[in-house]
Structures are given as structure tokens and as C-alpha cells.
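Each remark here refers to the structure printed beneath this line.
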Amino acid sequence: MFDYLIVGAGFAGSVLAERLATQADAKVLIIDQRDHIGGNAYDYFNTAGILVHKYGPHIFHTNSKEVFDYLSEFTPWRPYQHRVLASVDGQLVPMPINLNTINQMYGLNLSSDQLEDFFASKAVKVDRIKTSEDVVISKVGKELYEKFFRGYTRKMWDMDPSELDASVTARVPTRTNKDDRYFTDTYQAMPLHGYTRMFRKMLHHPNIKIMLNTDYKEIVEIIPFKKMIYTGPIDSYFNYCYGKLPYRSLEFKFETIDAEHFQSTGTINYPNEQPYTRITDFKYLTGQKHPKTAIVYEYPKAEGDPYYPVPKPENAELYKKYQQLATSMTNTYFTGRLATYKYYNMDQVVAQSLTLFKKIMQGEQETYGNGQKMSYSQS
Ligand code: FAD
Ligand code: UDP
């Protein structure tokens with residue numbers, strides 16, 4: 001009898017498997033329908049021997065010491081600060097928009113103070129910032145919005161930014177200094193030997209059994225377990241009883257390039273003219289030494305693996321209905337990007353699962369009495 005059946009071997013499921021197995025001596029079965037662990041963070045060496053991310057570029061960054069320290073138990077790190085250029089009007093300019101972006105685009109020589117005035121003169125007054133359009137036009141005005149955000153967002157989400165929650169474009173700041181890093185978090189680093197190696201170490205424990213290539217629905221009636229932790233799409237768990245929650249998908253096109261690098265930085269965004277949103281050159285991210293490199297193009301699409309929850313009010317409403325069903329269940333916990341329908345980065349998912357672990361432990365303490373150390377080892 002397993003104490004826990006964990007559905008999904010991505011960050012959400014693997015963190016809980018590791019915590020429960022090592023801290024509570026629980027017997028865990030972790031299962032994934034894919035043929036690998038790691039969820040969307042899975043990486044592997046392609047046929048040319050170059051480390052690539054199967055589900056698009058994953059750059060680790062966090063402000064949480066707790067999350068960073070926790071993951072550091074399973075991997076050494078390679079410091080890496082991601083830099084992105086955007087292809088706009090035939091030029092490659094820094095993204096997020098910063099002082100150099102504006103000076104380069106318009107042939108100016110503004111100072112930071114002057115750039116603040118420049119933005120202020122372009123900004124559109126918005127009383128209450130609600131949408132992804134509001135976020136950008138209220139800071140930099142219509143023209144820069146059109147050049148950098150509108151096309152990219154329409155391509156990525158098949159929706160106008162005016163229909164999407166503010167939180168989506170708010171992920172990308174605007175700067176008046178020359179800082180050209182994509183992220184400014186305290187901790188920015190890549191797992192030295194890749195994500196998959198890190199996951200392997202997390203899940204390497206006698207209390208953890210891994211089952212791949214299996215949908216949990218195939219085994220849920222056959223394999224006995226006490227509690228379930230579910231990290232797949234929440235609407236699927238409840239058989240879409242309230243209808244489908246929209247998820248955005250991507251198609252990835254990989255190429256191996258016979259050169260040290262394909263482009264001058266980790267990622268180049270294509271807001272406008274191309275059918276893809278961005279191209280990433282993996283060797284910048286991984287730091288791998290290899291005479292060739294590998295790149296990936298990302299083509300957004302509606303159908304396919306559910307990668308992105310779509311943040312907009314009616315979807316949040318629909319999710320709430322599923323969430324209510326979820327909270328009424330006593331023996332099943334929901335965590336992760338798909339099961340809680342949140343546009344979370346990896347570190348946020350780790351934090352969410354660490355919090356859930358603490359909650360589960362607290363619940364067990366209440367059930368089994370204060371002060372009594374919970375142990376599953378007799379089961
Ligand atoms: P997942 O990794 O999706 O894991 C869920 C697992 O559940 C999957 O492996 C799935 O196969 C399995 N599953 C689902 N249903 C079933 C079922 N019925 N039976 C069995 N198994 C099932 N985050 C960052 O911090 N930095 C980045 O740079 C970054 N880049 C990203 C780029 C892309 C293109 C995408 C799509 C995401 C990116 N993210 C990034 C987000 C990151 O991928 C997620 O935060 C994280 O992987 C979510 O982990 P998870 O465990 O919640 O979900
Ligand atoms: N975005 C944009 N232009 C860009 C980069 C981002 O319009 O050059 C918008 C777009 O809506 C995108 C969102 O900002 O979906 C978040 O961007 P991020 O790079 O964080 O996306 P992710 O890496 O999660 O795909």
C-alpha cells in the first residue's frame with residue numbers, strides 16, 4: 001500500500017515526493033504519462049550531444065532563499081543571467097525596454113532622467129490598470145506598445161492584450177537604466193548538469209517508486225494508496241464537468257547549428273513579422289562546451305500539450321468552480337501550474353509544493369496528536 005500516489009513528475013510532484021519520502025518516511029508512487037521525469041523542465045542531450053530543453057527554454061530565477069537552498073540539495077549551479085534582444089524595425093534591441101533600447105531605436109542620446117520624461121510624454125492615462133494593454137500603454141505609450149507587445153501577445157495568446165489580465169505583460173518591466181538582464185531576481189542560475197539530473201537526484205530514494213508512460217486513470221483503481229497528490233490539469237481531473245479550461249500550447253522546432261552560436265544572445269524575440277515568438281540558443285543557457293549549438297523556435301498554438309493557463313477574468317471564474325470541487329476532497333491535494341491554473345514560474349511551483357507539504361504535515365499532526373512524530377513506516 002502506497003501512502004501517496006503522486007500524479008505528475010514535474011516540479012510540483014517531485015518536490016512533494018522528495019519531502020514526503022525523506023521527511024515523513026512515506027511510501028510514494030510518482031507517475032507520469034510521459035516517458036520521462038522533470039515535467040516541462042525536462043532536458044536531454046540531442047543526437048549531436050547538445051543539452052536541450054524539450055519543452056522550451058527554462059531559465060531558473062528566484063528571490064526565495066528557501067527555494068534556492070532547497071533545490072541546492074540536489075544540484076550544483078552555474079550562475080547565468082539571461083539576456084534577450086527583440087527584433088524591431090530591422091534592429092536588434094534590448095528587451096525589456098531600457099535606456100539603450102530607446103537610444104538605439106530612435107538614434108538619441110538620452111540620460112535616464114530624460115528617458116523618464118520621454119516615457120511620461122508618451123504614456124496614456126489609464127484610470128484603473130486592468131488589462132495587459134493598460135500595463136504597457138500607461139508606461140510607454142501606444143507606439144512602443146505596438147512595436148514590442150501587441151504583435152507578440154496576439155501571436156502568443158491568439159488574443160489582443162486588451163483581453164488579457166494585466167499580470168501577463170506585467171511580467172516584463174520597463175527600465176530607464178541600462179540594465180539589460182531579463183530577470184533581476186537575487187538568485188539566477190542553471191542546474192550545472194541540467195534539470196533532469198537534478199530531478200533524478202530528488203527522486204532517488206528507497207521510498208519513491210517511479211512509473212512512466214502511464215496515465216493515472218489506468219492504475220488508480222488497481223494500485224492501492226491512501227492519498228493522492230494531483231499536478232495535472234484540474235479540469236481533466238473532474239472530467240471537464242464545468243467545461244474546458246483554456247490552455248495555450250506551443251510547437252517547438254529544434255535545429256542543430258554547425259557553429260559555436262547561432263545568435264548573439266540567449267533569446268531573440270520576434271514580436272512582429274515572424275510566425276514564431278522567439279528563438280533560443282541553448283548553449284548560452286547551459287554553458288556547455290561544444291563546437292556546435294542547438295536552437296529552438298517557439299510557435300504558439302491552441303491545441304496540444306497544455307503549457308500556459310490563460311489569465312483572463314472568465315477563466316479565473318471557471319477555475320474557481322473547479323477549485324471548489326478540489327477543496328471539498330479530503331484525500332486529494334492539488335498543486336502546480338496546471339492543477340491550480342496559475343501562470344507560475346518554476347520557483348513559484350516549488351514554493352507552492354513546499355507550502356503544501358507543510359500543510360499536509362500539520363494536518364497529519366492534528367489527526368495523530370500533537371507532539372507525536374508522524375511516520376508511515378509501519379504501513
Ligand atoms: P508540469 O511540469 O507540467 O508537470 C506536470 C506533469 O503531470 C507533466 O509531466 C504531465 O505529463 C503529468 N500529467 C498530467 N496529466 C497526467 C495524467 N493524467 N497522468 C499522468 N501524468 C500526468 N519557468 C521558469 O521559472 N523559468 C522559465 O524560463 C520558464 N520557461 C518556460 C518556457 C515554456 C515554453 C513553458 C511552457 C514553461 C516555462 N516555465 C518557466 C514554467 C515551468 O515550466 C513551470 O513552472 C513548471 O515546469 C511547472 O511544473 P509542474 O510540476 O506544475 O507542471
Ligand atoms: N511579451 C511581449 N513581447 C515580448 C516579450 C513578452 O509582448 O517581447 C508579453 C507576451 O504577452 C508574453 C508575456 O509578455 O506572453 C510574458 O512574457 P515572458 O517572456 O515572461 O513569457 P514566457 O517566458 O512565460 O513565455
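Keep in mind that the numbers below use all heavy atoms, side chains included, and drop hydrogens, waters and symmetry copies. Note that the numbering runs from 1 along the sequence shown for the chain.
- Evaluation of the salt bridge (Lys or Arg N to Asp or Glu O under 4.0 Å) test over residues 158-167, restricted to residues two or more places apart or in two chains, returns Arg150-Asp160, Arg154-Asp160.
- Other residues, nucleotides and ligands place more than 12 heavy atoms under 6.0 Å from the CD atom of Glu273.
- For Glu143, the side-chain contact (heavy atoms from CB on, under 4.5 Å) partners are Tyr106, Lys147, not counting sequence neighbours.
- Remark: the backbone N or O of Thr176 is paired with a side-chain donor or acceptor of Ser112 at under 3.5 angstrom.
- Gln188 contributes a side-chain N or O that, together with a main-chain N or O of Phe183, makes up a donor-acceptor pair within less than 3.5 Å.
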Name each donor-acceptor pair under 3.5 Å that joins a side chain in residues 232-243 to protein atoms two or more places apart or in another chain, with its distance.
residue : atom : partner : partner atom : Å
Asp235  : OD2  : Leu245  : N            : 2.8

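- Under the side-chain contact (heavy atoms from CB on, under 4.5 Å) criterion, Pro309 pairs with Arg337, Tyr341, sequence neighbours left out.
- Put simply, the side chain of Thr256 never gets that close to the backbone of Ala294: no donor and acceptor are under 3.5 Å apart.
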Go through the steps for Ile360 and Ile229 under the test side-chain contact (heavy atoms from CB on, under 4.5 Å), then give the verdict. CA-CA 11 Å; Ile360 294 174; Ile229 291 166; 4.1 Å; yes
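- Applying the side-chain hydrogen bond (donor to acceptor under 3.5 Å, both in side chains) test to Asp127 and every residue at least two apart in sequence or in another chain returns Lys125.
- Taking Glu260 as the reference, Lys283 meet the side-chain contact (heavy atoms from CB on, under 4.5 Å) condition, with sequence neighbours excluded.
- In this structure, His61 contributes its side chain and Tyr182 its backbone to no donor-acceptor pair below 3.5 Å.
- Partners of Lys342 according to the side-chain contact (heavy atoms from CB on, under 4.5 Å) rule, which considers only residues two or more places apart in sequence or in another chain, are Tyr319, Thr340, Tyr344.
- Side-chain atoms of Asp185 and Thr62 include no donor-acceptor pair closer than 3.5 Å.
- Legend: ring-ring contact (aromatic ring centres under 6.0 Å, His included) pairs involving residues 126-151, not counting sequence neighbours: none detected.
- Put simply, the side chain of His261 never gets that close to the backbone of Ala259: no donor and acceptor are under 3.5 Å apart.
- Counting only residues at least two apart or on different chains, the side-chain hydrogen bond (donor to acceptor under 3.5 Å, both in side chains) pairs with a member in residues 73-84 are Ser72-Trp77, Tyr80-His82, His82-Thr267, Arg83-Asp180.
- The nearest pair of heavy atoms linking Ile208 to Met202 is CD1-O, 4.0 Å.
- The six-membered or imidazole ring of Tyr322 lies away from that of Phe334, with a centre-to-centre distance of 6.0 Å or more.
- Residue pairs meeting the salt bridge (Lys or Arg N to Asp or Glu O under 4.0 Å) criterion with at least one partner in residues 46-64, sequence neighbours excluded, are absent.
- Judged purely by atom type and a 3.5 angstrom limit, Asn103 has no side-chain atom pairing as donor or acceptor with the backbone of Asn100.
- Aromatic ring centroids of Phe11 and Phe199 lie under 6.0 Å apart.
- The number of heavy-atom neighbours closer than 6.0 Å to NE2 of His205, taken from other residues, nucleotides and ligands shown, is above 12.
- Hydrophobic cluster membership of Ile279, counting Ile, Leu, Val, Met, Phe, Trp and Tyr whose side-chain heavy atoms lie under 4.5 Å apart directly or via other members: Leu85, Leu92, Ile257, Phe262, Ile268, Tyr270, Tyr276, Ile295, Tyr297, Tyr299.
- Of the possible polar contacts, none joining the Lys217 side chain to the Thr214 backbone as a donor-acceptor pair under 3.5 Å is found.
- For the residue pair Asn98/Asp179, the side-chain donor-acceptor check at 3.5 Å is not satisfied.
- Here Lys358 pairs with Glu66 under the side-chain hydrogen bond (donor to acceptor under 3.5 Å, both in side chains) rule; sequence neighbours left out.
- Under a 3.5 Å cut-off, the side chain of Asn345 and the backbone N or O of Asp347 do not form any donor-acceptor pair.
- A donor-acceptor pair is defined here as one N or O able to donate and one able to accept, closer than 3.5 Å; such a pair exists between the side chain of Thr327 and the backbone of Gln324.
- Residue Lys301 qualifies as enclosed at atom NZ: its count of foreign heavy atoms under 6.0 Å is above 12.
- Taking the ring centroids of Phe252 and Tyr307, they lie under the 6.0 Å cut-off.
- At distances below 3.5 Å, at least one donor-acceptor pair connects side-chain atoms of Asp43 with backbone N or O atoms of Thr196.
- Looking only at atom types and distance, the side chain of Arg34 has no donor-acceptor partner in the side chain of Tyr42 under 3.5 Å away.
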